[in-house]
Undergrad: 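One structure, as structure tokens, below. Some questions next.
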Amino acid sequence: MNISKPKGTKDIFFDEINVWQYVEENIIKVCKEFNIGEIRTPVFESTALFKRSVGDSTDIVNKEMYTFEDKGFRSITLRPELTAGVVRAYIENGMSSLPSPLKFWYRGNMYRYERMQKGRYREFSQFGVEIIGSDSNLADIESISVAYALFKRIGLSSHIVISLNSIGCTKCRNIFIQALKEYIKPNLNKMCDTCKVRFEKNPMRMIDCKEKGCKDILAKAPVITDYLCEDCRVDFQGVQNMLKALDIPFVLDNTIVRGLDYYNKTVYEITSKDLGLSVGGGGRYDGLVSILGGVQTPAVGFAIGMDRVVILLQQLGLDKQISKKVDLYFAIIDKDAEVISRKITSKLREMGYVVDIDIQRRSFKAQLKYADKIKARYVCIIGKNEIKNNTCIIKNMEDGKQLEVKLEIDEIINRLL
RNA sequence: GUGGGUAUAGUUCAGUUGGUUAGAACGCCAGUUUGUGGCACUGGAGGUCGUGGGUUCGAAUCCCACUAUCUACCCCA
């Protein structure tokens, strides 16, 4: 083998794929319960879509996109996130004329050209929900509820923290930015280089700078929540009250500003204490639909990093509980049993049992050994004697006890517990 | 983009001051008498020593570059 997978990608199989499927199955269940429909959009989109939506000054657009020119000289980008694609689809398919609000969920691979690290890949998978058309904070609540319901369903709700903040509307945010800049200005030369650039281009992003010097200066900086206009303040307070009433735990964190430009009002990040990593985030993006050429439409959404959720499940040992088992393995010791055992096998499979069968004509001993290795709960043995008597032997692999029964579906099923 | 570590069998790793045919454990396959798994014993398969250069009579071992990987930044999911 001299060809290996591209940097930042991975192969998923065996135990790990079980964990992925476990999460995906629960996503489908939860979304169905919330009456959220799935949407699938292209893996690649026009580069302009992300430049306009995610924002020119963001790291994603500046240095992380997989962008290339196709044979028709179009600039194409592998999606680094999916909100932009969903909103594009919303506009392009005239969904504004559909009953509002619309709720979509998605699951797919995203691509960002980044240096690899724990839980960070160049091809990674996100699950997300977008609610388009409601300007009420009940929509914010709904989206947070979905995220929380999923974590609860997969047994992680006590391992995550929802950090909440409001970054206001355009009006009050601009007043805040003025105040922030005035405070920073005298100390600007002490700040890091990226902050100096952000001071001009995207002052909000200075707030979550991790640089020590910047942190010290920002510790006493004005706080966005003090500058919210009456509307935004009431809206944000309403979100908090509602979450409390619904017993969805959260903490307030005014350093959360999100790395994408399209957010406003309530934003949040979901982090794992065990991993020390963000596993998801979201918020309101009332301006995005109009930025992309649609009529002004309010919207909220979030995305969860599936890779990190899977890592979290594995790290907590929850993955072992969801490993899949084989109900019944057919050990065939006689050629005359090959057809009949296969007929029974397919009937059992149609009934939903997980059934495996020898496909190698190996020795009986080897077949039992194999059944043991794939963790078969029972083995059905059919050899010369059994064929002659029209019977089979059902062996319980846990206690080793076995019983001869008639070679009939019902008889076999009765032995499987 | 920046800093540090690592790279030998499917996996986890040994490999002496550079010296014949590169090892172990686990895993895999098979056998230990004819139809019974886990335990034990025996045997077998499996390695361009990450890639390419260089030093040397001789390189898994020393030097350089590249690549991959892990980790901390940056940022995020």
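Proteins come first, then strands; the chains are lettered A, B, ... in the order of their sequence lines, and each starts at number 1.
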Undergrad: Checking all strands, does A/R198 fall into the base, sugar-phosphate, or nothing category for heavy-atom contacts under 4.0 angstrom?
TA: sugar-phosphate
Undergrad: In whole Å, measure the gap between the C1' atoms of B/G10 and B/C64 for me.
TA: 32 Å
Undergrad: A/D59 has an atom CG; how far is it from atom C1' of B/G1, in whole Å?
TA: 10 Å
Undergrad: Between A/K5 (NZ) and B/U67 (C1'), how many Å, whole number?
TA: 13 Å
Undergrad: Table please: side-chain donor-acceptor pairs of residues 152-168 of chain A below 3.5 Å, with sequence neighbours left out.
TA:
unit_1	atom_1	unit_2	atom_2	d
A/R153	NH1	A/E33	OE2	3.3
A/R153	NH2	A/E33	OE1	2.6
A/H159	ND1	A/D274	OD1	3.4
A/N165	ND2	A/I256	O	2.8
A/S166	OG	A/G168	N	3.2

Undergrad: For atom P, what is the distance between B/G27 and B/G38, given to the nearest Å?
TA: 12 Å
Undergrad: So, does the side chain of A/R120 form a donor-acceptor pair with the base of B/C75 at under 3.5 Å?
TA: yes
Undergrad: Just how far, in rounded Å, is P of B/U6 from NZ of A/K118?
TA: 20 Å
Undergrad: Can you tell me how far P in B/U17 sits from the matching atom in B/G54, rounded to whole Å?
TA: 27 Å
Undergrad: Answer yes or no: is there an ion pair linking A/R284 with A/D135, defined by an N-O contact shorter than 4.0 Å?
TA: no
Undergrad: Select from A/Q126 and A/M116 the residue whose nearest nucleotide in RNA chain B is closer to the 5' end of that strand.
TA: A/M116
Undergrad: For A/F176, check ring-ring contact (aromatic ring centres under 6.0 Å, His included) against everything at least two apart and list the hits.
TA: A/Y227
Undergrad: Select base, sugar-phosphate, or nothing to describe what A/E114 touches, counting heavy atoms under 4.0 Å on all strands.
TA: base
Undergrad: Quick check on B/G4: is either OP1 or OP2 less than 4.0 Å from any side-chain nitrogen or oxygen of A/R115?
TA: no
Undergrad: Assess whether one donor atom and one acceptor atom, taken from the side chain of A/R308 and the base of B/C76, lie less than 3.5 Å apart.
TA: yes
Undergrad: So what does A/G8 hit on the nucleic acid, given a heavy-atom distance under 4.0 Å: a base, only sugar-phosphate, or nothing?
TA: sugar-phosphate
Undergrad: Taking the side chain as every heavy atom from C-beta outward, state whether A/T170 and A/N264 have any pair of such atoms under 4.5 Å apart.
TA: no
Undergrad: Can you check the distance between B/G50 and B/U8, where both ends of the measurement are the C1' atom (answer in whole Å)?
TA: 10 Å
Undergrad: Taking atom C1' of B/C76 as reference, at what distance in whole Å does atom CD of A/E64 sit?
TA: 7 Å
Undergrad: Mind checking the C1' distance from B/A77 to B/G4? Whole angstroms is fine.
TA: 25 Å
Undergrad: Of the nucleotides B/A77, B/C76, B/U71, which has the atom closest to the A/L277 side chain?
TA: B/C76
Undergrad: Would you mind pulling out the nucleotide paired to B/A24, Watson-Crick or G-U wobble, both distances under 3.5 Å?
TA: B/U12
Undergrad: Each nucleotide in nucleotides 29-37 of chain B should get exactly one letter: B, S or -. Can you fill that in based on protein heavy atoms under 4.0 Å?
TA: SS-B--BBB
Undergrad: For B/C28 and B/C75, measure between their C1' atoms and round to the nearest Å.
TA: 43 Å
Undergrad: Does A/D56 pair with A/K51 as a salt bridge, N-O distance under 4.0 Å?
TA: no
Undergrad: To the nearest angstrom, how far is A/Y121 atom OH from B/A68 atom P?
TA: 16 Å
Undergrad: Within the side chain of A/K103, is there an N or O that forms a donor-acceptor pair under 3.5 Å with the backbone of A/F34?
TA: yes
Undergrad: Nearest heavy atom decides the nucleotide; on that basis, is A/A303 or A/K63 closer to the 5' end of RNA chain B?
TA: A/K63
Undergrad: In Watson-Crick or G-U wobble terms, both distances under 3.5 Å, what is the partner of B/U55?
TA: none
Undergrad: Rounding to an integer number of Å, can you tell me how far A/R258 CZ sits from B/C76 C1'?
TA: 8 Å
Undergrad: Give a yes or no on whether a salt bridge exists between A/R122 and A/E64, defined as a side-chain N under 4.0 angstrom from a carboxylate O.
TA: no
Undergrad: With P as the reference atom in both, quote the distance from B/C49 to B/A22 in angstrom, rounded to an integer.
TA: 10 Å
Undergrad: Could you let me know what B/U33 is paired to, Watson-Crick or G-U wobble, both distances under 3.5 Å, or none if it's on its own?
TA: none
Undergrad: Check whether any side-chain heavy atom of A/T266 lies under 4.5 Å from a side-chain heavy atom of A/N137, and answer yes or no.
TA: no
Undergrad: Judged by atom type as modelled, is there a donor-acceptor pair below 3.5 Å linking the side chain of A/S134 to the main-chain atoms of A/S136?
TA: yes
Undergrad: Under a 3.5 Å limit for both distances, which nucleotide forms a Watson-Crick or G-U wobble pair with B/U2, could you say?
TA: B/A72
Undergrad: Whole angstrom is fine here: how far is it from CG in A/L78 over to P in B/A77?
TA: 18 Å
Undergrad: Considering every strand shown, what is the Watson-Crick or G-U wobble mate of B/U17 when both distances are under 3.5 Å?
TA: none
Undergrad: In terms of ring plane angle, is the pair A/Y268 and A/F302 parallel, tilted or perpendicular, where the classes change at 30° and 60°?
TA: tilted
Undergrad: Rounded to whole angstroms, how far apart are CD1 on A/I256 and P on B/A77?
TA: 11 Å
Undergrad: Which value, in whole Å, describes the distance between the C1' atoms of nucleotides B/A59 and B/G18?
TA: 6 Å
Undergrad: Indicate, with a heavy-atom threshold strictly under 4.0 Å, whether A/M306 touches base, sugar-phosphate, or nothing.
TA: nothing
